[in-house]
Amino acid sequence: MKNLCVIGLGYIGLPTAAMFAHHGWNVHGVDVNPRVVDMINRGGIHIEEVGLQEMVEQAVEKGKLKASPNTVEADCFIIAVPTPHTSDNKANLDYVVQATQSVLKKVKKGNMVIVESTIPPRTINDVVAPLFEETGWVVGQDIYLAHCPERVLPGRILIELIENNRIIGGINEASTEKAAKVYATFVKGDLLKTSALSAEMSKLMENTYRDVNIALANELVKISERLCVDALEVIQLANHHPRVNLHQPGPGVGGHCLAVDPYFIIEKAPEESKLISDARVINNSMPDFVIEQVGKLTESRNSKVAILGLTYKGNIDDVRESPAMEIVGKLLDQGYDLGVYDPHIKQEQVEFKLSSFADAVAEAECILVLTDHNEFKDLDEDAILKGSKQPIILDTKNCVVIKSNQIKYVNFGNLTTNSTYSRV
Ligand code: SAJ
């Protein structure tokens with residue numbers, strides 16, 4: 001196997017395609033977006049990820065990576081298209097089905113087909129395999145089929161593609177063995193061989209585990225506000241216990257993974273997913289909780305609020321399912337005047353106006369930190385003291401380090417415990 005076709009060149013597909021090309025495969029990338037195809041064929045990238053630009057540039061230069069809108073013949077096909085959720089929180093498998101149908105037109109006996117997209121339990125057995133069987137292929141014999149979910153953390157993708165253990169979930173053993181050979185190309189972590197169903201469920205549980213633990217931390221913040229206790233200190237103290245790992249509270253859970261994947265389980269087992277469902281409700285309630293706190297710190301709904309950070313987490317450029325975007329939308333709907341600053345975001349990614357830091361904090365009654373970018377650790381305090389109407393920072397990500405005692409600092413640890421809201 002030397003020819004690989006990767007369908008979907010987004011946050012997972014493009015780094016994966018580049019990694020295989022870097023390890024000697026002839027890679028053909030497929031994407032419906034002509035701008036993306038064109039940019040890659042010129043050795044460029046359309047997403048922010050450490051080290052990716054260099055790897056794509058090299059692979060294209062060496063002729064190991066090409067991109068087009070059409071699926072081509074190959075020895076192995078990797079499907080890495082999005083699986084968004086519908087308005088009623090069901091998995092939308094349209095892109096997976098379309099990608100599979102495009103593979104069907106090119107597949108040959110002996111080929112390997114791998115789905116990396118995150119999918120609900122039984123999707124490989126009940127949705128993907130039947131598409132091949134309907135056209136006469138014996139799946140697991142004529143062609144091989146597996147689910148090998150990605151587990152990489154945005155910001156560390158190229159490192160984790162190699163270091164992370166990789167789950168190899170074949171529709172049968174022959175498919176598992178063949179898929180394992182594909183990833184053995186560069187994976188240094190363990191290749192964990194299992195069934196497609198266990199692979200599907202394991203992937204979903206990894207993100208659900210994190211989502212439920214974040215919900216516990218967010219619930220603690222609400223309890224702490226009622227009981228006037230420092231939630232952040234409590235988390236710090238409790239995490240000194242050898243078997244406790246409380247996660248960090250925040251303005252909500254964003255991204256295409258933690259905020260979506262639990263629904264893929266709930267959809268298949270609604271009665272049995274009480275805790276998972278409640279956790280989603282708690283995390284989805286945090287944007288309103290943050291807006292309540294803004295209301296306590298500002299004179300009226302016409303007040304100016306400075307927004308620092310729009311992405312769903314720090315040091316990336318991804319605003320998908322971002323709690324910050326939801327908070328901005330709701331504050332604008334309520335009539336607040338906003339100054340929005342995010343050094344990782346381009347104006348064309350959002351519909352509202354982006355400002356410089358100084359313009360964002362000018363005349364602000366509250367400076368609302370919604371994302372933990374490194375740039376926010378050390379803020380321009382002079383600009384805040386000179387420009388803002390009230391030098392008050394509400395840090396929902398507990399990431400800002402304040403030096404001046406003229407600035408009132410609020411985070412999820414001192415919402416009620418410190419009436420002066422100062423942190424000197
Ligand atoms: N968050 C908190 N508190 C925490 C940790 C995270 O509020 O203690 C928030 C973040 O701010 C963000 C959201 O949760 O809004 C998700 O961020 P994340 O860093 O937890 O994860 P993702 O979505 O960037 O990546 C996750 C990872 N999954 C796990 O760590 C179990 C990654 O390994 C997966 O590959 C990725 O989902 C995916 O694609 O599924």
Side-chain angles (χ1 to χ4, degrees), residues 8 10-16 47-50 80-85 91 115-120 147-161 163-167 189 199-221 231-232 235-236 238-239 244-265 279-280 282-287 289-290 309-327 344 369-373 376 395-399 411-412:
Y11 285 91
I12 299 301
L14 182 56
T16 302
I47 51 177
E48 184 185 319
E49 184 59 39
V50 184
V81 293
T83 42
H85 60 136
V115 177
E116 285 207 10
S117 307
T118 304
I119 46 183
H147 177 50
C148 304
E150 56 77 18
R151 318 165 91 188
V152 292
L153 197 69
R156 284 175 47 80
I157 293 180
L158 293 179
I159 296 167
E160 294 202 358
L161 271 175
E163 293 179 359
N164 282 8
N165 302 329
R166 172 71 74 156
I167 294 177
E200 291 158 342
M201 204 57 201
S202 167
K203 168 63 194 184
L204 297 172
M205 277 312 292
E206 291 162 15
N207 284 343
T208 300
Y209 161 86
R210 197 160 168 81
D211 192 51
V212 170
N213 277 287
I214 295 167
L216 183 60
N218 285 332
E219 187 154 272
L220 172 63
V221 166
L232 297 179
I235 290 171
Q236 215 182 2
N239 283 351
V244 174
N245 175 25
L246 284 165
H247 287 33
Q248 294 304 312
V253 169
H256 227 244
C257 315
L258 271 63
V260 174
D261 297 356
Y263 292 120
F264 291 3
I265 298 175
R280 286 276 76 234
I282 293 166
N283 289 336
N284 284 345
S285 75
M286 292 311 284
F289 180 78
V290 169
L310 290 172
T311 55
Y312 79 83
K313 69 175 194 178
N315 309 320
I316 61 169
D317 65 347
D318 192 346
V319 292
R320 291 178 299 171
E321 312 276 340
S322 170
M325 293 291 282
E326 183 184 339
I327 290 168
H344 292 258
V369 180
L370 293 173
T371 305
D372 48 349
H373 292 317
F376 296 158
D395 179 6
T396 69
K397 291 298 291 183
N398 191 32
C399 61
N411 63 15
F412 283 172

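Along the sequence shown, residues are numbered consecutively beginning with 1. Order of appearance sets the numbers: ligands from 1, and atoms from 1 within every ligand. Worth knowing before you read on, the calculation uses all heavy atoms, side chains too, and leaves out hydrogens, waters and symmetry mates.
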Q. For F412 and V290, which heavy atoms make the closest approach, and how far apart are they?
A. CZ-CG2, 4.1 Å

According to side chain to side chain donor-acceptor pair (under 3.5 Å), who are the partners of [X], at least two apart in sequence or on a separate chain?
X: T311; answer: H373
X: N207; answer: D261
X: R210; answer: none

Q: Using only heavy-atom distances, determine whether the side chains of N218 and N283 contain a donor-acceptor pair under 3.5 Å.
A: yes

Q: Check each protein residue for a heavy atom under 4.0 Å from ligand 1 and list those that pass, ordered by chain and number.
A: E150, R151, V152, L153, P154, K203, E206, N207, R210, I214, H247, Q248, G252, V253, G254, C257, L258, Y312, K313, K397

(Q) Angle between ring planes, H247 versus Y209, binned at 30° and 60°: parallel, tilted or perpendicular? (A) perpendicular

